[in-house]
Amino acid sequence: MPNSNIRVRFAPSPTGPLHIGGVRTALYNYLFAKKTGGTFILRIEDTDQGRYVAGAEDYILKSLKWLGLDPEEGPRIGGEYGPYRQSERKEMYGKYAMQLIENGKAYYAFDTPEELDAKRKEEAAKGNHNFRYDNVTRNEMKNSLTLSDTEVEQLTTNGNKFVIRLKIPVNEAVTFTDLVREEVTFQTNELDDKVLLKADGMPTYHLANIVDDHLMKITHVIRGEEWLPSTGHHILLYRAFGWEGSMPQFAHLPLILKPFGNGKLSKRDGAKFNMPVFPLAWKADSEKDSFLGFREFGFLPEAAINFLAFLGWNPGTEQEMFSLEELCETFSIEKISKSGARFDYDKAKWYNQQYVHATDAATLAKMTRPLVDVKEYEVSDEFLLSYCDLMKDRVVLLNDFLSEGNYFFEGVREYDDKNISKRWNPEIRRSFEALSELINGTADFNANSLETAIKNFINGNNLKMGQIFPLLRIALAGTMKGPDVFRMIELLGKTETVARLKKAMDYFDKI
RNA sequence: GCUCCUAUAGUGUAGUCCGGUUAAGCAUUUUGGCUUCUCAAGCCAAAGACUCGGGUUCAAAUCCCGAUGGGAGCACCA
């Protein structure tokens, strides 16, 4: 149960997969709610029927779930302020729009999209490239301000199409205090008469958003900076409704910028730079509209959260690792930075590595299991557990568990020829044969006793470590890289180790 | 073009409100070293920044003004 009246909402539009900027907005809303003992609400803003994408709502819910950002109210969850899908609230918006018509804060407009388009082109031809439907131009357009009552009467009945526009007052200043940007001012003369209710009877974002935030008793609107320019309209709307007294406070978040070059991070940047910009995979009809997510790239949700939290916020201390719970305790809007943050994929990977290192092998094994199964490797849980324990220090992304030690699962596919030919000779071959015997004869088959036995063997035969270990490693793994050889041998097991040695010796002879 | 927002190393940021004890801290990245059978990890070290120009002041990254750069918005999309 919430123990404060603070209510925040995350209000995505189901037009496709939720990008990472949206996820961060959700995160900050969630953190603020938790920090203040308030309520985190999910509202689906699906007022544009043309842009609705099936599966998008599902995707949003799944993404929040994966990240652990569970809304307390929302579609499929319920709550006392529902419904939480705007398409299901359609009737209310019309009613509120009418209220503004009646008190003179809004008016009917009958200009068709085609007419408006033509008007814009006409103005552009005259050199005026920013035609606005505003407190000047509305006097020469087709609307209830310029037409006679009878004409308006006719045009609004009999199923004629019209929109309702907000009547922006002339020559006023709208000032508000943004929680991250301090005082922001807009001149009403610069604001256009936004459409509130579309010809299809659906509200635009502006109307639906204000009505719902009011009805849902939202106290703080935490959203992306792209909304800052329309906040003037929103405040005017609150005023028009007479709701200014209970208007929520605004906090506009800095944008997430492209990792390289200019502009804000876009969904195409993921494919372009081979990095995830969505939480989960999204499958579309076409290849180019399908994307992998943080999860598929091998990120732990905790790491994604920690990384995202620090993109535009920091606690002001030197602590960098924060669990979701710790973030809930530490988060504060005052610490949000004002300027856009570049998407730093290196830092994201670093966070993941830290989390992988801090996670116990059993948990990692559980997460690696599906990856192993996809590859159709047949390995026991016990093997996978030891494997994860052995390899986790050299893993950055979960998928590295496969690539870094693929030789464990599929045997050696390729030997490092160059490093073999430098070292291999008949004398060493005899040592290897003896070594193979030794390993085969080791009763207590574990890394420690193997180490003692093998080192004794090397010393006892006047050999040097450098003559044996590199070749031994290549024989078992194909490469000079990898974890502790003795632990490798232990994990491979006696039979497999001896078999690999035999195969390797035959191969080495041929180089 | 117009409106609004913003400006500390390659990147993310601390410090800016309440000017001096910090010729700027942390992390990442890069480079080098230690460790080690190798590769990682870990540890140590190095490199690297107050956008510019004016002012105010004994003193400015910090206050004021201007310029420049960057970003967003300007739909019957959200």
Side-chain angles (χ1 to χ4, degrees), chain A residues 11-15 45-48 50-51 86 109 111-113 116-117 120 127-133 161-165 178 180-182 184-187 189-192 194-206 208-209 224-232 252 254-255 257 259-260 262-264 307 310-321 335 337-351 353 357 391-396 400 404 419 451 454-455 458 464-474 477 479-486:
Chain A
S13 191
T15 54
E45 307 223 327
D46 54 350
T47 53
D48 186 354
R51 291 211 309 159
Q86 289 185 328
D111 322 84
T112 63
L116 285 172
D117 205 44
R120 283 194 185 92
N128 174 19
H129 291 277
N130 46 332
F131 170 77
R132 263 191 329 232
Y133 207 120
K161 298 264 186 191
F162 60 87
V163 303
I164 293 178
R165 284 181 185 269
D178 187 278
V180 344
R181 274 151 227 286
E182 314 285 314
V184 180
T185 301
F186 295 97
Q187 301 299 328
N189 290 1
E190 303 292 346
L191 270 27
D192 65 331
K194 282 261 181 286
V195 170
L196 299 177
L197 202 70
K198 299 184 267 188
D200 65 0
M202 284 297 249
T204 58
Y205 170 85
H206 309 287
N209 199 261
E225 195 186 347
E226 68 268 27
W227 293 112
L228 191 54
S230 42
T231 307
H252 288 95
L255 263 13
L257 274 18
F260 312 102
N262 295 340
K264 69 171 177 176
F307 164 66
F310 271 70
L311 224 48
W313 175 86
N314 81 88
T317 64
E318 283 176 6
Q319 185 182 344
E320 287 206 285
M321 303 301 295
K335 284 290 188 184
S337 45
K338 293 180 172 73
S339 53
R342 222 171 251 282
F343 183 81
D344 184 359
Y345 189 53
D346 278 329
K347 197 66 182 259
K349 285 192 290 190
W350 178 80
Y351 268 116
Q353 184 179 48
H357 292 179
M391 298 299 282
K392 73 181 213 180
D393 271 356
R394 60 210 76 220
V395 163
V396 174
D400 295 338
E404 283 298 306
N419 278 303
E451 178 167 3
I454 293 170
K455 282 189 172 166
I458 290 171
K464 286 182 182 135
M465 303 285 186
Q467 290 177 283
I468 298 300
F469 283 119
L471 286 167
L472 182 56
R473 182 176 285 288
I474 294 171
T479 161
M480 298 263 281
K481 300 178 188 178
D484 183 277
V485 222
F486 310 108

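A, B, ... follow the sequence lines: proteins, then strands. Residue 1 opens every chain.
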> With nearest nucleotides of RNA chain B determined for A/H206 and A/V184 from heavy-atom distances, which residue corresponds to the more 5′ nucleotide?
Replying inline: A/V184
> Rounded to whole angstrom units, what separation is found between the NZ atom of A/K464 and the C1' atom of B/C37?
Replying inline: 15 Å
> Atom NZ of A/K392 and atom P of B/G42: how far apart are they, to the nearest Å?
Replying inline: 12 Å
>> Base, sugar-phosphate or nothing for A/R342? Non-hydrogen atoms, less than 4.0 Å.
In response: sugar-phosphate
>> Would A/H252 and A/T231 count as a side-chain contact (heavy atoms from CB on, under 4.5 Å) here? Give the steps.
In response: CA-CA 10 Å; A/H252 288 95; A/T231 307; 3.1 Å; yes
> In chain order, what residues pass the salt bridge (Lys or Arg N to Asp or Glu O under 4.0 Å) check against A/R132, with sequence neighbours excluded?
Replying inline: A/D134, A/E190
> Out of B/G12, B/A72, B/U38, which nucleotide sits closest to the side chain of A/M480?
Replying inline: B/U38
> Distance between the P atoms of B/U16 and B/U11, in whole angstroms?
Replying inline: 23 Å
>> Using the side-chain heavy atoms of A/E318, tell me which of these nucleotides is nearest: B/A41, B/G71, B/G25.
In response: B/G25
>> Output the pairing pattern of RNA chain B as a dot-bracket string, 5' first, Watson-Crick or G-U wobble with both distances under 3.5 Å, | for cross-strand pairs, [ ] for crossing pairs.
In response: (((((((..((((......[....)))).(((((.......)))))....(((((..]....))))))))))))....
>> I'd like to check the side-chain contact (heavy atoms from CB on, under 4.5 Å) partners of A/D48; sequence neighbours left out, ordered by chain and number.
In response: A/R51, A/K198
> Do A/D200 and B/C76 share a donor-acceptor pair, side chain to base, under 3.5 Å?
Replying inline: no
> B/C17 C1' sits how many Å from A/K335 NZ, rounded?
Replying inline: 11 Å
> Under 4.0 Å between a side-chain N/O of A/S337 and OP1 or OP2 of B/U13, yes or no?
Replying inline: yes
> Can you check the A/Y351 OH to B/U11 P distance for me, whole Å?
Replying inline: 17 Å
> When you match A/E320 and A/N130 each to their closest nucleotide on RNA chain B, which lands nearer the 5' end?
Replying inline: A/N130
> Among B/A41, B/G73, B/U6, which is the nearest nucleotide to the side chain of A/Q353?
Replying inline: B/A41
>> Rounding to an integer number of Å, can you tell me how far A/M465 CE sits from B/U36 P?
In response: 11 Å
